[in-house]
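What follows is a short report on a single structure.
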Amino acid sequence: MTPDLRHDPRSGRWSAIAPGRRARPGAVSPSDGACPFCAGNEHLTPPETLRLGAGPTGWDVRVVPNLYPALERQEVVIHGPAHIESFGDLPNSTVAAVAEAWQRRARDVGGNCFAFVNEGEAAGASQHHSHSQLAWLPEARSAGELPPGVPVLERDGLLLTCPSAGRSPYELFIAPLERESSGLASELLAPALVLLAAAIRRLHERAGADLPLNAWLLDGTHWRIELLPRSTRFAGLELGANVYVTTLAPEDAAEALQGL
């Protein structure tokens, strides 16, 4: 069933009514059964829309339609043939291929492509095998100027910061030092995702390997990748008043992340 997309012009809010997602499985691992994202199980996914690389298994990154889409067009980018569960544990070559997959699918399909990573059940992931998603939105989700933050490091033309008004401990932004409007067209996307993987590894050292997280790419005036660890439950103050309560100052978070 195609999701029913609805828009409230007063609030500007979009809602995707997607009853088919009721059949979406909970998070599963190889111990529960065959992982559909591992090499050898390609028959368990819909026909791919993109395959990159060759290697011993015949591919490095695959892109397939989402079986339980929330929007009319939504795709899954499978991060490598081996069963690696965290984006932070991927080899740099796979991370670079993920960046290429995002860029090629955004270019080939057109429209407002939104790229994101859900990691961990609490962050919405239904498969443990590392993957990201591409969703084509009815209108662009646009980033404005880079919000103020506490610098962590500069590397490869990129700046990693902890936002001054963060939503949860260890929230991070990765953005180009020189303002660019589109990460999906930028040569810096691959190094930005490599830096994201390094940041996730450090977060695992500081907060535990099972830390759920979400990350997404925002194009716009100054594109950036935002990483939001899900160590805090959002309640009425956050969801209703848009006032976020965090137990770790960004200055302390930045200091803890030094030396990536």
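Residue indices begin at 1 and follow the sequence shown. Just so it is clear, the values below take in all heavy atoms, side chains as well, and ignore hydrogens, waters and symmetry mates.
Listed by chain and residue number, Asp4, Ile17 satisfy the side chain to side chain contact (heavy atoms under 4.5 Å, CB included) test with Arg6 (two or more places apart in sequence, or in another chain). The side-chain hydrogen bond (donor to acceptor under 3.5 Å, both in side chains) search around Asp60 returns none, not counting sequence neighbours. For Glu42, the side-chain hydrogen bond (donor to acceptor under 3.5 Å, both in side chains) criterion is met by Trp59, not counting sequence neighbours. Residues passing the ring-ring contact (aromatic ring centres under 6.0 Å, His included) test with Phe87, sequence neighbours excluded: His79. Ser86 meets the side-chain hydrogen bond (donor to acceptor under 3.5 Å, both in side chains) test with Glu119; sequence neighbours excluded. Residues passing the side chain to side chain contact (heavy atoms under 4.5 Å, CB included) test with Glu48 are Arg51, Arg62, Val64, sequence neighbours excluded. Partners of Arg10 by side-chain hydrogen bond (donor to acceptor under 3.5 Å, both in side chains), not counting sequence neighbours: none found. For Ala122, the side chain to side chain contact (heavy atoms under 4.5 Å, CB included) test picks out Pro212, with sequence neighbours left out. Residues passing the ring-ring contact (aromatic ring centres under 6.0 Å, His included) test with His204, sequence neighbours excluded: none.
Residue pairs meeting the ring-ring contact (aromatic ring centres under 6.0 Å, His included) criterion with at least one partner in residues 134-193, sequence neighbours excluded, are absent.
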Pair up each side-chain donor or acceptor in residues 182-190 with any protein partner under 3.5 Å, not counting sequence neighbours, and list the distances.
unit_1 : atom_1 : unit_2 : atom_2 : d
Ser182 : OG     : Leu184 : N      : 3.4
Ser182 : OG     : Ala185 : N      : 3.3
Ser182 : OG     : Asp219 : OD2    : 3.3
Ser186 : OG     : Glu180 : OE1    : 2.7
Ser186 : OG     : Leu188 : N      : 2.9

Under 3.5 Å, side-chain donor or acceptor atoms of residues 249-260 against the rest of the protein: list the pairs with distances, not counting sequence neighbours.
unit_1 : atom_1 : unit_2 : atom_2 : d
Gln258 : NE2    : Val152 : O      : 3.3
Gln258 : NE2    : Ala254 : O      : 3.4

